[in-house]
Amino acid sequence: MGLAIARRFGAAGHSVALISRNQAKLEALAASLSEEGLTARAYPADVTDAKALTGALDAAAEEFGRIGILSFSPAPTFPSTAGEVPDLKAMGFTSAAETTPESVRPLFDMLVGGALNAAAAVLPGMREAGDGALLFTTGATALAPIPGMANSGIAQSGLRSWARSLHDDLAGEGVYVGHLSIGLPIIPGSGAGDPAAIADRWSARPDPRLLRDHHRFLISPLGPAAQAATTARPLLRGVRSQFRYLVGREIN
């Protein structure tokens, strides 16, 4: 998904700085974007390492200039094949009864800690310029509980709450803060769940300057196609009746 977002904004004329832990994979992705005619560079860093993450963002700003858009979407790697059901326990997710501080901390450090550190590195430049965007992408547990993923919900809902408060704090400054919650499997060629389709949601967001006096979040609705997808059922059981209401409440 991160690559699709990078490709979409790169195609719109933005220089792209890719950040993740795996340097070899990151450099290969940057090279593939460059072969498509996009300007892309790799800056290896672990989002849970505040010093490394800040250093990567500073290095990108030094090479490209002020960072105008930050897309933050770290996540565990879920199956990307239709019909393949993830083993949530093997991936480190826990039920509510099994959740401990230890099971929450890695996800909190990745999602909330990483977002706070990334924002701290780029916000001063955005506020000084009176222009910019912070785009945070999470899963459905940011909005509603999902069985077997309680520790994820603590971190994701915390990130969403902070992002909304930050959106309010920055109202009138020309800096947009958005949150996209994805409530369906991310699988290439799956329609709304295709990474390219998700990237299009972000690139199609309104001009931040038109949103200064509003509290708007771009939330991916759980549409009929997603409800019917058998691959979504193990993850989204118990969420369907709430999701559409929650979405409406955010974007009305």
Side-chain angles (χ1 to χ4, degrees), residues 1-2 5 17-26 43-60 70-80 85-123 134-169 177-186 198 217 219-220 234-239 242-243 246:
M1 183 180 67
I5 294 173
L18 301 175
I19 298 177
S20 78
R21 293 177 297 176
N22 190 318
Q23 182 171 355
K25 182 178 179 180
L26 200 64
Y43 300 90
D46 188 330
V47 296
T48 64
D49 184 331
K51 183 177 180 180
L53 177 59
T54 300
L57 289 166
D58 288 346
L70 173 73
S71 172
F72 186 85
S73 57
T77 301
F78 280 84
S80 58
V85 178
D87 185 338
L88 297 180
K89 285 191 176 182
M91 296 176 67
F93 295 112
T94 60
S95 68
E98 297 171 330
T99 297
T100 64
E102 289 72 27
S103 69
V104 174
R105 191 165 293 116
L107 290 166
F108 187 90
D109 289 345
M110 177 179 67
L111 290 165
V112 181
L116 291 172
N117 288 322
V122 302
L123 258 182
L134 303 175
L135 312 179
F136 300 102
T137 307
T138 69
T141 58
L143 290 169
I146 293 179
M149 300 184 71
N151 56 341
S152 172
I154 292 173
Q156 292 196 26
S157 60
L159 171 57
R160 174 179 171 273
S161 178
W162 168 76
R164 177 156 193 168
S165 296
L166 184 62
H167 178 89
D168 295 349
D169 288 350
V177 183
H179 168 241
L180 180 67
S181 180
I182 302 171
L184 68 170
I186 302 174
I198 295 170
F217 287 75
I219 308 298
S220 175
L235 287 179
L236 298 174
R237 187 178 297 114
V239 178
Q242 305 175 52
F243 205 92
L246 288 166

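These numbers were taken from a predicted model, which means no experiment stands behind them. All heavy atoms count here, side chains included; hydrogens, waters and symmetry mates do not.
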What side-chain donor-acceptor pairs closer than 3.5 Å can you find for residues 102-121, not counting sequence neighbours?
from, atom 1, to, atom 2, distance (Å)
Glu102, OE1, Thr100, OG1, 3.4
Ser103, OG, Thr100, N, 2.9
Ser103, OG, Thr100, O, 2.9
Asn117, ND2, Gly113, O, 3.1

Kindly list each side-chain donor-acceptor pair under 3.5 angstrom involving residues 50-58, sequence neighbours excluded, with atom names and distances?
from, atom 1, to, atom 2, distance (Å)
Thr54, OG1, Ala50, O, 2.9

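Taking every heavy atom of both residues into account, Ala163 and Val177 meet most closely at O-CG1, 3.4 Å. Gly139 approaches Ser181 most closely through the heavy-atom pair O-OG, 2.8 Å. Ser20 and Leu26 make their closest contact through OG-CD1, 3.3 Å (heavy atoms, listed as atom of the first residue, atom of the second, distance). Counting all heavy atoms, side chain and backbone alike, Phe93 lies closest to Gly148 at CB-O, 3.3 Å.
In this structure, a donor-acceptor pair under 3.5 Å is present between the side chains of Asp46 and Thr48.
In this structure, the side chain of Asn151 engages the main chain of Thr94 through a donor-acceptor pair within 3.5 Å. Under a 3.5 Å cut-off, the side chain of His179 and the backbone N or O of Arg160 do not form any donor-acceptor pair.
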Applying side chain to side chain contact (heavy atoms under 4.5 Å, CB included), run through Leu135 and Leu70 and close with a yes or a no. CA-CA 6 Å; Leu135 312 179; Leu70 173 73; over 6 Å; no
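Atom CD1 of Ile182 is separated from atom OG of Ser73 by 8.0 Å, given to the nearest 0.5 angstrom. A distance of 4.5 Å separates CD1 in Ile5 from OG1 in Thr137, rounded to the nearest 0.5 Å. Summarising the geometry, atom CE belonging to Met149 is positioned 14.0 Å from atom NZ belonging to Lys89; distances are rounded to the nearest 0.5 Å.
Side-chain contact check for Phe136 versus Leu159: some heavy-atom pair is nearer than 4.5 Å.
Screening residues 139-149 for side chain to side chain donor-acceptor pair (under 3.5 Å) gives Thr141-Ser152, Thr141-Gln156 as the qualifying pairs, with residues at least two apart or on separate chains.
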